[in-house]
Amino acid sequence: MSPDSSTAHSRAISVDDTGVRRQLADGTEERVDWDDLAAVVVRVIPEGLSDEDVFLMLAAADGTGTAVPSGDPAADALIERLQTLPGFDHETFVEAMTTDADQAYVVWKAGEGSA
């Protein structure tokens with residue numbers, strides 16, 4: 001995930017059984033496959049550079065990833081999928097989605113909370 005990923009404009013975001021893909025306006029693509037997902041962070045930026053102030057940040061084990069704006073049409077499908085991850089922290093997720101604090105909330109990490 002590039003450092004300015006959350007401010008880059010998306011052309012399209014897709015969520016499917018393979019993972020999440022975000023096509024950026026400049027033609028580059030960010031992606032995270034479910035099998036490679038290492039962490040999920042909700043990043044709240046109350047005074048952001050755009051209208052978006054909440055991003056779902058997905059990090060892969062290899063250090064790549066993507067940021068999905070919570071207002072994107074694909075965000076609902078993404079949130080639904082993320083909430084099924086073993087050990088997903090629903091309480092922290094609700095806190096992150098309802099705050100205006102400039103903060104990052106880790107809501108899931110690979111290997112934590114799974115049976």
Side-chain angles (χ1 to χ4, degrees):
M1 175 172 39
S2 62
D4 60 345
S5 176
S6 63
T7 60
H9 293 286
S10 301
R11 192 182 309 161
I13 296 173
S14 64
V15 178
D16 59 27
D17 289 339
T18 304
V20 179
R21 284 179 306 289
R22 180 180 180 207
Q23 185 78 31
L24 301 178
D26 68 3
T28 59
E29 182 181 87
E30 298 174 340
R31 69 176 297 130
V32 176
D33 291 340
W34 297 121
D35 291 343
D36 297 329
L37 187 62
V40 178
V41 175
V42 178
R43 179 68 173 106
V44 180
I45 308 170
E47 305 271 335
L49 299 174
S50 69
D51 293 338
E52 287 295 336
D53 60 354
V54 178
F55 295 88
L56 305 165
M57 318 257 322
L58 309 177
D62 66 1
T64 62
T66 191
V68 176
S70 65
D72 188 272
D76 288 343
L78 175 59
I79 291 168
E80 197 172 299
R81 179 69 182 245
L82 293 175
Q83 291 179 328
T84 67
L85 294 169
F88 185 85
D89 188 338
H90 297 277
E91 190 174 307
T92 299
F93 178 77
V94 169
E95 180 183 347
M97 297 299 285
T98 58
T99 187
D100 60 359
D102 187 353
Q103 192 168 332
Y105 297 83
V106 177
V107 295
W108 184 83
K109 278 189 171 181
E112 291 186 10
S114 55

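Position 1 is the first residue of the sequence; numbering continues from there. Keep in mind the model is a prediction, meaning the values are calculated, not measured.
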Checklist line | Atom pair OG (S14) and CZ (R22), whose distance is rounded to the nearest 0.5 Å | finding: 12.0 Å
Notebook entry, point to check: Would you call R21 and D16 a salt bridge, taking side-chain N to carboxylate O under 4.0 Å as the test?
Noted result: yes
Next item on the list: Establish, yes or no, whether a centroid distance under 6.0 Å links the rings of F93 and Y105.
Entry: no
Notebook entry, point to check: Going through the distances and angles, do D100 and V44 end up as a side-chain contact (heavy atoms from CB on, under 4.5 Å)?
Noted result: CA-CA 7 Å; D100 60 359; V44 180; 5.6 Å; no
Check: Do you know the tightest heavy-atom contact between G65 and V32?
Finding: CA-CG2, 3.4 Å
Note to self: What's the separation between atom CD1 in I79 and atom CE in M97, rounded to the nearest 0.5 Å?
What the structure shows: 4.5 Å
Check: Does some side-chain heavy atom of V20 sit less than 4.5 Å from a side-chain heavy atom of L78?
Finding: yes
Note to self: As an exercise, state the distance from OG1 of T92 to NE2 of H90, rounded to the nearest 0.5 Å.
What the structure shows: 10.5 Å
Checklist line | Crowding at CG, D17 (>12 non-hydrogen neighbours, <6.0 Å) | finding: no
Next item on the list: For residues T66 and E30, report the shortest heavy-atom separation together with the two atoms involved.
Entry: OG1-OE1, 2.6 Å
Next item on the list: For the residue pair W34 and R81, establish whether any side-chain heavy-atom pair is separated by less than 4.5 Å.
Entry: yes
Check: Side chains of L82 and L58: does their closest heavy-atom pair fall under 4.5 Å?
Finding: yes
Check: In Å, rounded to the nearest 0.5 Å, how long is the span from CD of E95 to CG of D89?
Finding: 9.0 Å
Notebook entry, point to check: So do the side chains of L24 and R11 get within less than 4.5 Å of each other, counting heavy atoms only?
Noted result: no
Enumerate donor-acceptor pairs with a distance under 3.5 Å from any side-chain N or O in residues 35-43 to protein atoms, sequence neighbours excluded.
residue: R43; atom: NH1; partner: D102; partner atom: OD1; Å: 2.7
residue: R43; atom: NH1; partner: Q103; partner atom: O; Å: 3.3
residue: R43; atom: NH2; partner: D102; partner atom: OD1; Å: 3.1

Checklist line | Which atom of P69 lies closest to which atom of A75, heavy atoms considered | finding: O-CB, 3.7 Å
Notebook entry, point to check: Would you say S70's side chain and V54's backbone share a donor-acceptor pair under 3.5 angstrom?
Noted result: yes
Item checked: Separation between CH2 of W108 and OG1 of T84, rounded to the nearest 0.5 Å -> 10.0 Å
